[in-house]
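Every chain is numbered from 1, with letters handed out A, B, ... down the list of sequences. These numbers were taken from a predicted model, which means no experiment stands behind them.
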There are 2 protein chains.
Amino acid sequence: MGSTTELDRAVTQQLADHDLRYTSGRRAIVAGLHDADGPVTLPELLEASSDLAQSSAYRNLSLLEEAGVVRRLAHGGEYARYELSEALTEHHHHLICENCGSVADVVLDPAVERSLDEALRALESSEGFVAGHHTLDVYGRCANCT
Amino acid sequence: MGSTTELDRAVTQQLADHDLRYTSGRRAIVAGLHDADGPVTLPELLEASSDLAQSSAYRNLSLLEEAGVVRRLAHGGEYARYELSEALTEHHHHLICENCGSVADVVLDPAVERSLDEALRALESSEGFVAGHHTLDVYGRCANCT
DNA sequence: TTGCTTGCAAATGATTTGCACTGCT
DNA sequence: AGCAGTGCAAATCATTTGCAAGCAA
């Protein structure tokens, strides 16, 4: 506790903008999300940092989401998954193992990402849809399950 | 009812492979999914074709999913959304309106899709992840909400 | 008949919420 | 003191499931 990282500073700022305090419980959540190598479920979060009450964890994740610190994902499993917002991390996508259910982050080649962005921008004239952000989920088999 | 389309024939086949009958309730579900221009929620499905019992609709969607006829999506809204499997439709992605919550299908430029596939295939050597299919969700504003 | 299907009602389980208490500020 | 934050327990609500009745092969 105490060592204020770059991430902590950014989160403190975003929370302050929403009149929220950066309490120890919220720090534990942010730390738990940061340490994982992919989006995590609530049980995983509780296990990683014990001393978190389930209801408070849910409530704080919800508040952190509104504050733009956290992003909530619904990949269809039993539990929702949470990760730090892309405002606080690098733009990335997800590798979802269809065997064990694990979810890992990946960063794609910038060239691919660029051609994708271009295609999405074109949707505005073809479909009248103004694209904001996007998510790409890749389903398959992770290294452990091959 | 009775006009057997190409789609119906394919579904009948897939169901038969799983020892399932293509009953009228299941036909109504497939028709409801086919008629929509994007993935639909269960309430929407029930509204479109009344005379469907909620529990049977859920049960049949689940069975149809196992049989590879239907795909279930969890975009995070209150209800899950369902669509016909890509074995029965064209490969496509989703335009999700952040204002009204509607979800529409889009087919991307084949060139973009190809470069994407290539990038995903490369994940096998870089990450040890064997990619199967993928989903791309684009968030933004639909034509009606601009 | 045999067994897949259906619909109702009850059960499940992740997430949310009411409320009294704790602890910053 | 005043109010945001916490934790417990109870409430929600989409989805699932048990069971008795319906229907096709």
Side-chain angles (χ1 to χ4, degrees), chain A residues 1-2 4 8 11-12 14-33 39-47 49-67 69-83 101 103, chain B residues 1-2 4 8 11-30 32 39-47 49-67 69-82 101 103:
Chain A
M1 304 247 142
T4 300
D8 283 324
V11 173
T12 304
Q14 290 206 50
L15 287 180
D17 291 347
H18 291 258
D19 292 310
L20 294 172
R21 296 178 196 157
Y22 196 14
T23 64
S24 66
R26 291 171 189 171
R27 278 175 193 273
I29 289 175
V30 169
L33 297 180
V40 295
T41 63
L42 191 115
E44 287 167 356
L45 211 47
L46 294 185
E47 191 180 12
S49 15
S50 63
D51 279 354
L52 281 186
Q54 189 187 54
S55 66
S56 296
Y58 272 119
R59 192 150 24 199
N60 282 326
L61 281 166
S62 183
L63 290 171
L64 288 166
E65 187 184 13
E66 282 175 40
V69 172
V70 160
R71 173 191 260 270
R72 178 200 164 114
L73 309 170
H75 283 128
E78 5 195 38
Y79 290 92
R81 285 178 180 273
Y82 300 86
E83 67 181 4
V103 183
Chain B
M1 314 240 137
T4 300
D8 283 325
V11 173
T12 304
Q13 182 59 53
Q14 292 206 50
L15 287 180
D17 291 347
H18 292 257
D19 293 308
L20 294 171
R21 297 178 195 154
Y22 196 14
T23 64
S24 65
R26 292 172 187 169
R27 278 175 192 274
I29 288 175
V30 169
V40 295
T41 63
L42 191 115
E44 287 167 356
L45 211 47
L46 294 184
E47 191 180 13
S49 17
S50 63
D51 278 355
L52 281 186
Q54 189 187 53
S55 67
S56 295
Y58 272 118
R59 191 148 29 198
N60 281 326
L61 282 166
S62 183
L63 290 171
L64 288 166
E65 188 184 14
E66 281 175 39
V69 173
V70 159
R71 172 191 262 269
R72 178 199 163 113
L73 309 170
H75 283 129
E78 7 195 34
Y79 290 92
R81 285 178 179 273
Y82 300 87
V103 182

Which part of the nucleic acid does A:T23 contact within heavy-atom distance under 4.0 Å: base, sugar-phosphate only, or nothing? sugar-phosphate

Sort me out a list of protein N/O and nucleotides 10-12 of chain D N/O pairs below 3.5 Å, or just none if empty.
none

Roughly how far, to the nearest 0.5 Å, is the CZ atom of A:R59 from the CG atom of A:L64? 13.0 Å

With sugar-phosphate meaning primed atoms plus P, OP1 and OP2, does B:Y79 contact a base, only sugar-phosphate, or nothing at under 4.0 Å between heavy atoms? sugar-phosphate

Rounded interatomic separation in angstrom, taking OH from B:Y58 and P from D:dC13: 13 Å

Just the rounded figure in Å: distance from P of D:dA14 to CG of B:L46. 12 Å

How is B:R59 classified with respect to the nucleic acid when contacts are heavy atoms under 4.0 Å: base, sugar-phosphate, or nothing? base

If every non-hydrogen atom of B:A28 is compared with every non-hydrogen atom of B:S49, which pair is closest and at what distance? O-OG, 3.8 Å

In whole angstroms, the gap separating P of D:dA25 from OH of B:Y22 amounts to 15 Å

Look up atom CG in A:L52 and atom CD1 in A:I29, then write down how far apart they are to the nearest 0.5 Å. 5.5 Å

side-chain contact (heavy atoms from CB on, under 4.5 Å) evaluation trace for A:L61 with A:R72: CA-CA 8 Å; A:L61 281 166; A:R72 178 200 164 114; over 6 Å; no

What is the distance from atom CG of B:L46 to atom CD of B:Q54, rounded to the nearest 0.5 Å? 6.5 Å

Using whole Å, report how far CG of A:L52 lies from C1' of D:dC8. 15 Å

What's the separation between atom CD in B:Q14 and atom OH in B:Y22, rounded to the nearest 0.5 Å? 10.5 Å

Quick one: label B:N60 by what it contacts on the DNA or RNA (base, sugar-phosphate, nothing), any heavy atom closer than 4.0 Å. sugar-phosphate

Rounded to the Å, how far apart are B:Q54 CD and D:dG18 C1'? 16 Å

Need one value for B:S56: base, sugar-phosphate or nothing, where a base atom within 4.0 Å counts as base even if backbone is also close, heavy atoms only. base

Applying a 4.0 Å non-hydrogen cut-off, can you work out what A:L20 is touching in the nucleic acid: base, sugar-phosphate, or nothing? sugar-phosphate

Between A:R26 (CZ) and D:dT6 (C1'), how many Å, whole number? 10 Å

Length of the line joining B:R72:CZ and D:dT16:C1', which is rounded to integer Å: 11 Å

Among B:V69, B:L15, B:N60, exactly one meets side chain to side chain contact (heavy atoms under 4.5 Å, CB included) together with B:L20. Which residue is that? B:L15

Under 4.0 Å from a heavy atom of chain B: give me the 5'-most and 3'-most nucleotides of DNA chain C that qualify. C:dC4 to C:dA9

Does A:S62 use its side chain to pair, donor to acceptor, with the backbone of A:Y58 at less than 3.5 Å? no

Spacing of OG1 belonging to B:T12 relative to CZ belonging to B:R26, to within rounding of 0.5 Å: 11.5 Å

Using whole Å, what does the distance between atom C1' of nucleotide D:dA14 and atom CD of A:E78 come to? 15 Å

